[in-house]
Amino acid sequence: MKIVESDFSSHIVKSVKKELGNIFFFKHIAVIEFHEGVHIDIENSSKIFDELISYFGRSRPFGIIANRTNSYSVKLLDADLFRRKISKLCYYAVVGHNKASKMNAEIEDQFFCTANKICFDSIHDAMNNVYSKVKNDILLSLH
């Protein structure tokens, strides 16, 4: 299910279309839906990073959900570079809509070395989980 088809669509603050895919911004989360067949690496994703930094800034914690409505590839060897580009990224999640996308999410998890579950079966589960974790980080940073 695409984010615009979900119950969350009325909460989208901003949406941006890029060559690699579409970014949907919420208060503390960005949902990215990459286009079919694209390959994401550190070189071609700079415009995505620019949008994320422009919206969230460099000091505000946020989360990203990759909603795998299409099949695409990620250069996993760039994982460290991705993390350094967006240092305030608190949580990353992937919504897998089929067995292949769930398997890709599990592989991504190995490279991104997260302590949290990153693969979800529905956009609802991912949004609720990531939102609660980001809000928790924001509250902790205020103390």
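Index from 1, following the sequence.
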Do you know the tightest heavy-atom contact between Val130 and Ala93? CG2-CB, 3.7 Å

Show me the side-chain donor-acceptor pairs of residues 69-76 shorter than 3.5 Å, one per line, residues at least two apart or across chains.
residue	atom	partner	partner atom	Å
Asn70	ND2	Phe34	O	3.0
Ser73	OG	His39	ND1	2.6

So, using side chain to side chain donor-acceptor pair (under 3.5 Å) as the criterion, who are the partners of Ser122 when residues are at least two apart? Asp125

Could you walk me through whether Phe62 and Ile86 satisfy the side chain to side chain contact (heavy atoms under 4.5 Å, CB included) test, starting with their C-alpha distance in whole Å, then the side-chain angles of each, then the deciding distance to 0.1 Å, before giving a yes or no? CA-CA 10 Å; Phe62 66 96; Ile86 45 177; 4.2 Å; yes

Proximity of Phe56 and His28 rings by center, below 6.0 Å: no

To the nearest 0.5 Å, what is the distance between CG (Asp137) and SG (Cys90)? 4.0 Å

Which distance, rounded to the nearest 0.5 Å, do you find between the OH of Tyr91 and the OH of Tyr131? 14.0 Å

Do Asn67 and Phe120 have side chains that approach each other closer than 4.5 Å (heavy atoms only, starting at C-beta)? no

When you look at Asp7 and His124, which way does the side chain to side chain contact (heavy atoms under 4.5 Å, CB included) test go after all the steps? CA-CA 8 Å; Asp7 296 339; His124 290 91; 3.5 Å; yes

Any pair counted as salt bridge (charged side-chain N to carboxylate O under 4.0 Å, His left out), so long as it reaches residues 10-35, sequence neighbours left out: Lys14-Glu51, Lys18-Glu51

Smallest separation among heavy atoms of Ser45 and Ile40, with atom names: CB-CG2, 4.1 Å

Please round to the nearest 0.5 Å and tell me the distance separating atom CE of Met127 and atom CD1 of Ile29. 4.5 Å

Taking the side chain as every heavy atom from C-beta outward, state whether Ile65 and Val95 have any atom pair closer than 4.5 Å. yes

NZ/Lys2 to OG/Ser9 distance, rounded to the nearest 0.5 angstrom? 13.5 Å

Candidate pair Val31 and Ile23, rule side chain to side chain contact (heavy atoms under 4.5 Å, CB included), full reasoning: CA-CA 6 Å; Val31 175; Ile23 312 167; over 6 Å; no

Run the side chain to side chain contact (heavy atoms under 4.5 Å, CB included) test against Glu43 and tell me which residues pass, sequence neighbours left out. Asp41

Please list, chain by chain and in numerical order, all residues satisfying side chain to side chain contact (heavy atoms under 4.5 Å, CB included) with His35, sequence neighbours excluded. Asn22, Val38

Rounding to 0.5 Å, atoms CE (Met1) and CD1 (Ile3) come to a distance of 9.0 Å

Residues Ile12, Val4; criterion side chain to side chain contact (heavy atoms under 4.5 Å, CB included); working and verdict: CA-CA 8 Å; Ile12 296 171; Val4 296; 4.1 Å; yes

Is Ser101 reaching over with its side chain to a backbone N or O of His97, donor-acceptor style, under 3.5 angstrom? yes

Please check this pair: side chain of Tyr55 against backbone of Phe26, looking for a donor-acceptor N/O pair closer than 3.5 Å. yes

Interatomic distance, CG@Leu52 vs CD1@Ile32, rounded to 0.5 Å, equals 5.0 Å

Which residues pass the side chain to side chain contact (heavy atoms under 4.5 Å, CB included) test with Ile42, sequence neighbours left out? Phe49, Asp78, Leu81, Phe82, Lys85

